[in-house]
Amino acid sequence: MPSDPQQRRAARHAQPGTAPAPSSPRRTPLTLDRITDAALQVCATEGYDALTIRRVTALLGTGPSSLYTHIVNRDDLDDLIIGRLCSQIVLPEPDPTAWREQLRDVCAQLRDQYLKYPGVSRAALATVPTHLETLRVGEGMLAILLAGGVDPRTAAWAMDALSLYVAGYAMERSLVQRRQGAQDGDWVLSQEELVRRFSALPAGAFPHTRQHAPELTSGSGHDRFDFTLGLILDGLAP
């Protein structure tokens with residue numbers, strides 16, 4: 001294995017599945033899979049903000065120097081965890097007659113993976129995709145768009161817009177969930193309370209907000225997520 005950290009990372013992306021030889025038969029060997037498992041465990045139980053090299057090594061029962069024989073830095077953890085989440089995405093065979101529905105499904109899968117680990121979508125926003133599994137999802141989305149007759153540059157920019165929206169949506173949901181669980185959780189208002197407050201605004205200054213308070217606060221589950229995806233995809237029609 002190359003001694004330079006950057007070369008090690010490049011070699012890992014080029015040849016997935018290779019694992020370093022165990023250093024001691026008496027200890028479970030440290031692998032990228034174990035490191036990724038520990039990182040996701042931190043995100044699931046404590047939130048993405050708690051993810052640090054030291055927190056991961058504490059779970060693994062080792063020290064930071066051991067981790068640095070496998071990863072480059074803290075940002076490399078982001079690459080690994082987003083790659084792991086992308087590995088769970090099932091990509092369809094591109095269908096020109098159903099390309100919108102196929103993209104909706106892929107985006108919904110990504111959304112659900114992000115929501116399992118509060119705040120982890122921030123890693124997707126900040127990471128340049130180099131992991132083979134992350135690139136696999138990008139390749140699949142591009143293939144669907146091209147099959148739908150979208151020209152290559154529009155397809156490339158649409159992939160960026162979709163990825164940003166999915167990650168941003170999941171990030172917002174995670175923040176709301178964290179505030180609801182905090183001691184000052186009352187700061188997150190219910191739909192009924194929002195309608196009441198909007199309806200009580202001065203009529204002269206906020207006539208439309210007062211009149212349409214129910215519409216402004218409407219939607220449940222992922223209704224607004226589906227609505228926004230529809231706006232993006234309908235605008236891509238050849």
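Only a predicted model underlies this, so the values are computations on that prediction, with no experimental measurement involved.
- Under a 3.5 Å cut-off, the side chain of Thr134 and the backbone N or O of Thr130 do not form any donor-acceptor pair.
- Within the 4.5 Å cutoff, the side chain of His70 has no heavy atoms near those of the Asp76 side chain.
- Taken from CZ in Arg34 to OG1 in Thr62, the straight-line distance is 8.5 Å, to the nearest 0.5 Å.
- The two residues Pro92 and Val106 come nearest to each other via the heavy atoms CD-CG2, 4.0 Å.
- Grouping the Ile, Leu, Val, Met, Phe, Trp and Tyr side chains by contacts below 4.5 angstrom, directly or via other members, places Leu59 with Leu67.
- Evaluation of the ring pair (Phe, Tyr, Trp, His ring centres under 6.0 Å) rule for Tyr169 yields His222, Phe225 as partners, not counting sequence neighbours.
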Distance-only donor-acceptor pairs under 3.5 Å for side chains of residues 80-87, two or more places apart:
residue : atom : partner : partner atom : Å
Arg84   : NH1  : Asp37   : OD1          : 2.7
Arg84   : NH2  : Asp33   : O            : 3.4
Arg84   : NH2  : Asp37   : OD1          : 3.2
Ser87   : OG   : Arg84   : O            : 2.4

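- For the pair Ile71/Ile53, a side-chain contact is recorded, criterion being any heavy-atom separation below 4.5 Å from C-beta on.
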Mind running side chain to side chain contact (heavy atoms under 4.5 Å, CB included) on Asp234 and Arg100 for me, showing each step along the way?
CA-CA 8 Å; Asp234 287 347; Arg100 291 182 182 84; 3.6 Å; yes

Acceptor/donor pairs from residues 137-155 side chains to any protein atom, 3.5 angstrom cut, sequence neighbours excluded:
residue : atom : partner : partner atom : Å
Asp151  : OD1  : Arg153  : N            : 3.2
Asp151  : OD1  : Thr154  : N            : 3.1
Asp151  : OD1  : Thr154  : OG1          : 3.3
Asp151  : OD2  : Thr154  : OG1          : 2.6

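- Looking only at side-chain heavy atoms (C-beta outward), Arg111 and Arg173 stay at 4.5 Å or farther from each other.
- No donor-acceptor pair under 3.5 Å is formed between the side chain of Gln191 and the backbone N or O of Gly219.
- Clustering ILVMFWY residues whenever any of their side-chain heavy atoms sit less than 4.5 angstrom apart, transitively, puts Leu164 in a cluster other than the one holding Ile232.
- Residues that satisfy the salt bridge (Lys or Arg N to Asp or Glu O under 4.0 Å) test with Asp226, not counting sequence neighbours, are absent from this structure.
- No donor-acceptor distance shorter than 3.5 angstrom exists from the side chain of Arg136 to the backbone of His131, with no hydrogens or angles considered.
- Atom CD of residue Gln41 and atom CG of residue Leu51 lie 11.5 Å apart, to the nearest 0.5 angstrom.
- Note that CG of Leu60 is 8.5 Å distant from OG1 of Thr31, once rounded to the nearest 0.5 Å.
- Contacts of Glu193 classified as salt bridge (Lys or Arg N to Asp or Glu O under 4.0 Å), with partners at least two apart in sequence or in another chain: Arg196, Arg197.
- The backbone N or O of Arg54 lies less than 3.5 Å from a partner atom in the side chain of Thr57, making a donor-acceptor pair.
- Arg74 pairs by the salt bridge (Lys or Arg N to Asp or Glu O under 4.0 Å) definition with Asp78, not counting sequence neighbours.
- Note that CZ of Phe198 and CG of Leu216 are 6.0 Å apart. Values are rounded to the nearest 0.5 Å.
- The CG atom of Leu40 lies 11.5 Å from the OH atom of Tyr48; values are rounded to the nearest 0.5 Å.
- Leu115 and Val42 fall into different hydrophobic clusters, defined by Ile, Leu, Val, Met, Phe, Trp and Tyr side-chain heavy atoms under 4.5 Å apart, directly or through other members.
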Would you check, one step at a time, whether the test side chain to side chain contact (heavy atoms under 4.5 Å, CB included) holds for Val120 with Gln113?
CA-CA 9 Å; Val120 78; Gln113 288 296 320; over 6 Å; no

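- Heavy atoms only, all atoms of each residue included: Ala124 and Ala167 are closest at CB-CB, 4.5 Å.
- Counting all heavy atoms, side chain and backbone alike, Leu30 lies closest to Ser66 at CD2-O, 3.7 Å.
- Across all non-hydrogen atoms, the minimal contact from Cys107 to Leu229 is CB-CD1, 3.8 Å.
- Leu110 contributes atom CG, which lies 10.0 Å from atom CG of Asp105 (distance to the nearest 0.5 angstrom).
- Minimum heavy-atom separation, Val90 to Gln109: N-OE1, 2.8 Å.
- Ser174 places no side-chain N or O within donor-acceptor distance of the main-chain N or O of Pro118, the cut-off being under 3.5 Å.
- The two residues Gly204 and Pro207 come nearest to each other via the heavy atoms O-CD, 3.9 Å.
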